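Please read these numbers as outputs of a predicted model, since none were measured by experiment.
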Amino acid sequence: MIFTNQTDQSMEVINFDKTPSLMSQIMRELRQKGVQDDPLRFRYNLQRAGEIMAYEISKRLRYEVIDVETPLDIAKCHVIADKIVLATIFRAGLPFHQGFLQYFDRAENAFVSAYRKYREKDRFDVLIEYLASPRLDGKTLIICDPMLATGLSMELSYRALLTKGEPDRIHVASVIASQQAVDYIKEVFPDDKTTVWIGAIDDHINAHSYIVPGLGDAGDLAYGTKD
């Protein structure tokens, strides 16, 4: 028998910032200058944010009951019935992804390279140059990327992943998103099978398409500046 907490309804957006919790402390450290200047701490906080989101997402999955033999008797236990694929976008997504993998330790994994190629100072295209993914048909896809500024990288990564099949359910997870990006995700992802999980939703993006107040460049904070 399969048990599920999923709901067949329009797209839901879960904003952790609306309900103060341990995630609030992690978000404070990720944002705060001085704390975030320690790359090790910054990566660890991204990982911890991923672990919390993974736990919350686990409540929306399908489960089945199996018999487990203990030293004394047989116990009935719930185990995840969904086939999960964890997908992340290089490079800032790696520690965030690891947090999900800590909990969904039997999941398959997918990786996408999406980056901004600037044509002018504030104008850029998002390019996809690398994709490694298992088949996605009928599976639950969790796409995690810490920063959701415009939503374009997330959309193009999702469309690249669709070349590997059609997932049954989709969870989009980010640490910080702009309201503009959340609205964009609602337009381009399938409404009836997508749930969006955000640590905090900020008001806007600036001329460089960085989230304000945001936290800066997550990739640079995690791994150092790039040339």
Side-chain angles (χ1 to χ4, degrees), residues 1-6 12 14 16 21-23 25-27 29-30 39-71 74-114 130-148 154 157-158 160-162 164-176 193-199 218-219 222-223:
M1 182 180 296
I2 301 293
F3 298 85
T4 182
N5 293 318
Q6 293 177 357
E12 183 179 8
I14 292 90
F16 285 79
S21 68
L22 181 60
M23 180 70 90
Q25 173 69 19
I26 294 170
M27 295 296 297
E29 290 196 7
L30 283 168
L40 179 62
R41 185 71 182 177
F42 187 81
R43 293 193 300 270
Y44 180 56
N45 280 325
L46 285 179
Q47 178 178 318
R48 292 201 299 167
E51 290 171 354
I52 291 174
M53 287 193 184
Y55 173 74
E56 293 299 327
I57 290 173
S58 75
K59 299 176 184 178
R60 304 296 184 90
L61 303 178
R62 296 181 305 153
Y63 289 81
E64 59 185 352
V65 176
I66 63 170
D67 290 336
V68 173
E69 184 178 353
T70 79
I74 300 297
K76 294 192 177 296
C77 298
H78 289 86
V79 295
I80 295 173
D82 288 338
K83 294 181 178 179
I84 299 171
V85 177
L86 300 177
T88 196
I89 303 172
F90 291 147
R91 64 180 166 146
L94 290 174
F96 191 40
H97 176 94
Q98 184 60 39
F100 284 88
L101 192 57
Q102 291 285 96
Y103 280 24
F104 298 124
D105 56 314
R106 296 180 180 271
E108 297 179 281
N109 292 265
F111 300 93
V112 183
S113 169
Y130 176 83
L131 170 66
S133 173
R135 294 299 304 175
L136 300 178
D137 300 288
K139 298 177 182 178
T140 295
L141 175 64
I142 302 173
I143 311 179
C144 53
D145 188 26
M147 308 301 288
L148 199 62
M154 184 67 76
S157 297
Y158 168 63
L161 287 162
L162 287 181
K164 302 299 182 180
E166 187 72 36
D168 183 58
R169 292 285 304 174
I170 304 161
H171 296 274
V172 174
S174 288
V175 174
I176 299 178
K193 62 180 181 179
T194 302
T195 305
V196 182
W197 305 80
I198 308 293
Y223 296 111

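Residues Ser58 and Tyr63 come closest through the heavy atom pair O-OH, 2.7 Å. Counting all heavy atoms, side chain and backbone alike, Met154 lies closest to Ala173 at CE-O, 4.4 Å. When all heavy atoms of Gly165 and Leu136 are compared, the pair lying nearest together is O-CB, 3.8 Å.
The shortest side-chain heavy-atom distance between Gln47 and Phe42 does not fall under the 4.5 Å cut-off. The side-chain heavy atoms of Ile89 and Pro146, taken from C-beta on, include no pair separated by under 4.5 Å. The side-chain heavy atoms of Pro95 and Tyr223, taken from C-beta on, include a pair separated by under 4.5 Å. Ile14 has its side chain out of reach of Val196: every pair of non-hydrogen atoms, C-beta onward, lies at least 4.5 Å apart. Taking 4.5 Å as the limit, some side-chain heavy atom of Leu101 sits within range of a side-chain heavy atom of Gln98.
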Intermediate values then yes/no, side chain to side chain contact (heavy atoms under 4.5 Å, CB included), Leu61 and Phe104: CA-CA 12 Å; Leu61 303 178; Phe104 298 124; 3.7 Å; yes
Working for side chain to side chain contact (heavy atoms under 4.5 Å, CB included), residues Ile143 and His171: CA-CA 6 Å; Ile143 311 179; His171 296 274; over 6 Å; no
Residues Arg48, Gln102; criterion side chain to side chain contact (heavy atoms under 4.5 Å, CB included); working and verdict: CA-CA 10 Å; Arg48 292 201 299 167; Gln102 291 285 96; over 6 Å; no
Side chain to side chain contact (heavy atoms under 4.5 Å, CB included) between Lys76 and Asp67, worked out: CA-CA 5 Å; Lys76 294 192 177 296; Asp67 290 336; 2.8 Å; yes
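Applying the ring pair (Phe, Tyr, Trp, His ring centres under 6.0 Å) test to Tyr158 and every residue at least two apart in sequence or in another chain returns Phe189. Listed by chain and residue number, Phe96 satisfy the ring pair (Phe, Tyr, Trp, His ring centres under 6.0 Å) test with Phe100 (two or more places apart in sequence, or in another chain).
Distance check, rounded to the nearest 0.5 Å: OH of Tyr103 to CE of Met53 gives 13.5 Å. Rounded to the nearest 0.5 angstrom, His78 NE2 and Ile66 CD1 are separated by 10.5 Å. Rounded to the nearest 0.5 Å, atoms CE (Met147) and CG (Leu46) are 9.5 Å apart. Between Leu162 atom CG and Ser133 atom OG the span is 10.0 Å, to the nearest 0.5 Å. To the nearest 0.5 angstrom, Met27 atom CE is 10.0 Å from Ser21 atom OG. The CD1 atom of Ile80 sits 9.5 Å away from the OG1 atom of Thr140 when rounded to the nearest 0.5 Å.
Applying the 6.0 Å contact sphere to NZ of Lys139 captures more than 12 heavy atoms from other residues, nucleotides or ligands.
The pair Arg135-Glu166 fails the salt-bridge criterion, with no side-chain N (NZ, NE, NH1 or NH2) lying under 4.0 Å from an Asp/Glu carboxylate O. Here Arg41 pairs with Glu29 in a salt bridge; the nearest charged N to carboxylate O distance falls below 4.0 Å. In this structure, Asp168 does not pair ionically with Lys193, as no charged nitrogen and carboxylate oxygen lie closer than 4.0 Å.
Results of the side-chain contact (heavy atoms from CB on, under 4.5 Å) test with Ile142 over Ile84, Val85, Val172 single out Ile84 as the only residue that passes.
In this structure, Ser174 contributes its side chain and Ile176 its backbone to no donor-acceptor pair below 3.5 Å. The backbone N or O of Phe111 sits nowhere less than 3.5 Å from a side-chain atom of Thr88 that would complete a donor-acceptor pair. Using a distance-only test at 3.5 Å, with no hydrogens or angles considered, no donor-acceptor pair links the side chain of Asn45 to the main chain of Leu30.
With 3.5 Å as the limit, one finds a donor-acceptor pair spanning the side chains of His97 and Asn109. One side chain, Thr195 or Arg169, offers a donor N or O that lies under 3.5 Å from an acceptor on the other.
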